[in-house]
Protein chains: 2
Amino acid sequence: MDLQYPRYAGGVKLPVSTEWLLHCATTLAQLEPGATASAAQLADYYDLPAPYLAKQLQALVRAGVLAATTGPRGGFRLARPAADITLLRIVEAVDGAAPPYECREIRRQGRGALPPEDCRDACVLAAKMADAHRAWRDSLRGVTLADILGELPPTAPARTRSRLMAK
Amino acid sequence: MDLQYPRYAGGVKLPVSTEWLLHCATTLAQLEPGATASAAQLADYYDLPAPYLAKQLQALVRAGVLAATTGPRGGFRLARPAADITLLRIVEAVDGAAPPYECREIRRQGRGALPPEDCRDACVLAAKMADAHRAWRDSLRGVTLADILGELPPTAPARTRSRLMAK
DNA sequence: ATATCGCGGATATTGCAGATCCATTTAGTC
DNA sequence: GACTAAATGGATCTGCAATATCCGCGATAT
């Protein structure tokens, strides 16, 4: 028997902006300390829609991952050392920290509704889904931007800086 | 500094139908061997929209989790022992097996585009996101419907059967 | 035969991601 | 001080997928 899964899984997918911001944060991590890059520079660097990217960068600022300075020569930089920024922080800043599986307590609905005394503990299924989400978060929490930089070729930061500031 | 995450995370959330079918599969696992329950019975049991639920149940049939018999007294039953059905199989049958993070290779776009020889290996960020997805899948693969039944009170199956067949 | 069920296709409806624009604020530069 | 470059916040538009329903077909028990 061959399994047939839906070809496309709309609901589960992370938005594209997740990839954008992970790469943008990695790029900012390659700047010299104190240097900034504007939303327009980052958008040019990856050929992304600038206004929308700016909105997402703001979300990272609110989450404490990035710091922003306004005015000429302003822009974004990391708000803390790269070793203190986990991928989990970035992803949850962009996509929200809400667990993907939300228990709506359907065990209390319909003809099969359980009495309240049987619902003191969390739904077993919801607990298992929460376990899986915890495993996902633990995995992402174990990787920092510094780890990512460490896996890049040593020549990457210099090239990134020159291309980012060009033009 | 207090973190501010988006209150709602549309893209990441699993559809509600995931919860529906996890519960429906758990319910079917409590039937006597060979017994079936119709989509209408399951919809009544949880107060769900019957036509839509039927569609999702068909997806579980295509995935080899459920077996269906047509005609009067027909309905759905597990296609294999409960110990052989993992939560991962159910979730991926409903929501698709596509990983939530899809690498669009933006490292090859824009001014910062990397040369092809730097892209032989998979993108580091994509690899880390894939690691996290693997941890999530491993967690769900480690739980079977039999495990879920084992955590239910011993009186549950009898009550489930009687309420499901009632009316 | 006929009523009961699953199956497949087609079709609304709705909410959010993706995307853009503008007015405001902030802060450097001349 | 005026100008300018940048982030910030609000409002808005569009496209697509999850949700939800209906109908006709086929299968099968009684």
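Computed from a prediction, not measured in an experiment: that's the story for all the values here. Values below: every heavy atom of this structure, side chains too, minus hydrogens, waters and symmetry copies. Quick note on labels: first sequence line is chain A, next is B, and so on, each numbered from 1.
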Original post:
Just wondering, are more than 12 heavy atoms of other shown residues or ligands nearer than 6.0 Å to CZ in B:Arg159?
Top reply: yes
Original post:
When you measure from the side chain of B:Ala68, which nucleotide among D:dT19, D:dA7, C:dC7 comes out closest?
Top reply: C:dC7
Original post:
Quick one: does B:Leu87's side chain get under 4.5 Å of B:Ile148's, heavy atoms only?
Top reply: yes
What pairs of nitrogen or oxygen atoms, one from the protein and one from nucleotides 21-29 of chain D, lie under 3.5 Å apart?
none

Original post:
In whole angstrom, what separates B:Leu21's CG from D:dA20's P?
Top reply: 13 Å
Subject >> Separation between NZ of B:Lys128 and CG of A:Leu22, rounded to the nearest 0.5 Å >> reply: 13.0 Å
Subject >> Whole-Å distance separating the CG atom of A:Leu48 from the P atom of C:dG18 >> reply: 12 Å
**OP:** Rounded to the nearest angstrom, tell me the gap between atom CZ in B:Arg104 and atom P in C:dA17.
**Re:** 14 Å
**OP:** Could you tell me the separation between the CG atom of B:Asp95 and the P atom of D:dA17, rounded to a whole number of Å?
**Re:** 15 Å
Subject >> B:Val16, nearest nucleotide to its side chain (from D:dA20, D:dT19, D:dA7) >> reply: D:dT19
Original post:
Between B:Arg62 and C:dG8, is there a side-chain N or O to OP1/OP2 distance below 4.0 Å?
Top reply: yes
Original post:
Is there a side-chain contact between B:Gln41 and B:Thr36, using heavy atoms and a 4.5 Å cut-off?
Top reply: no
**OP:** Just call it for B:Ala54: base, sugar-phosphate, or nothing, with non-hydrogen atoms closer than 4.0 Å on any strand.
**Re:** nothing
**OP:** State the CD1-CG distance between A:Ile90 and B:Leu125, to the nearest 0.5 angstrom.
**Re:** 8.0 Å
**OP:** Mind calculating the distance between CZ (A:Arg77) and P (C:dA27) to the nearest angstrom?
**Re:** 13 Å
**OP:** To the nearest Å, give me how far apart CG (B:Leu66) and P (C:dG6) are.
**Re:** 11 Å
Original post:
Which whole-number value in Å describes the distance from B:Glu19 CD to D:dA18 P?
Top reply: 17 Å
Subject >> Pairwise side-chain contact, B:Leu164 with B:Leu42, heavy-atom cut-off 4.5 Å (strictly under) >> reply: yes
Original post:
Just how far, in rounded Å, is C1' of C:dT25 from CD of A:Gln58?
Top reply: 12 Å
**OP:** List in chain and number order the residues that pass side chain to side chain contact (heavy atoms under 4.5 Å, CB included) with A:Ala122, two or more places apart in sequence or in another chain; answer none if no residue qualifies.
**Re:** none
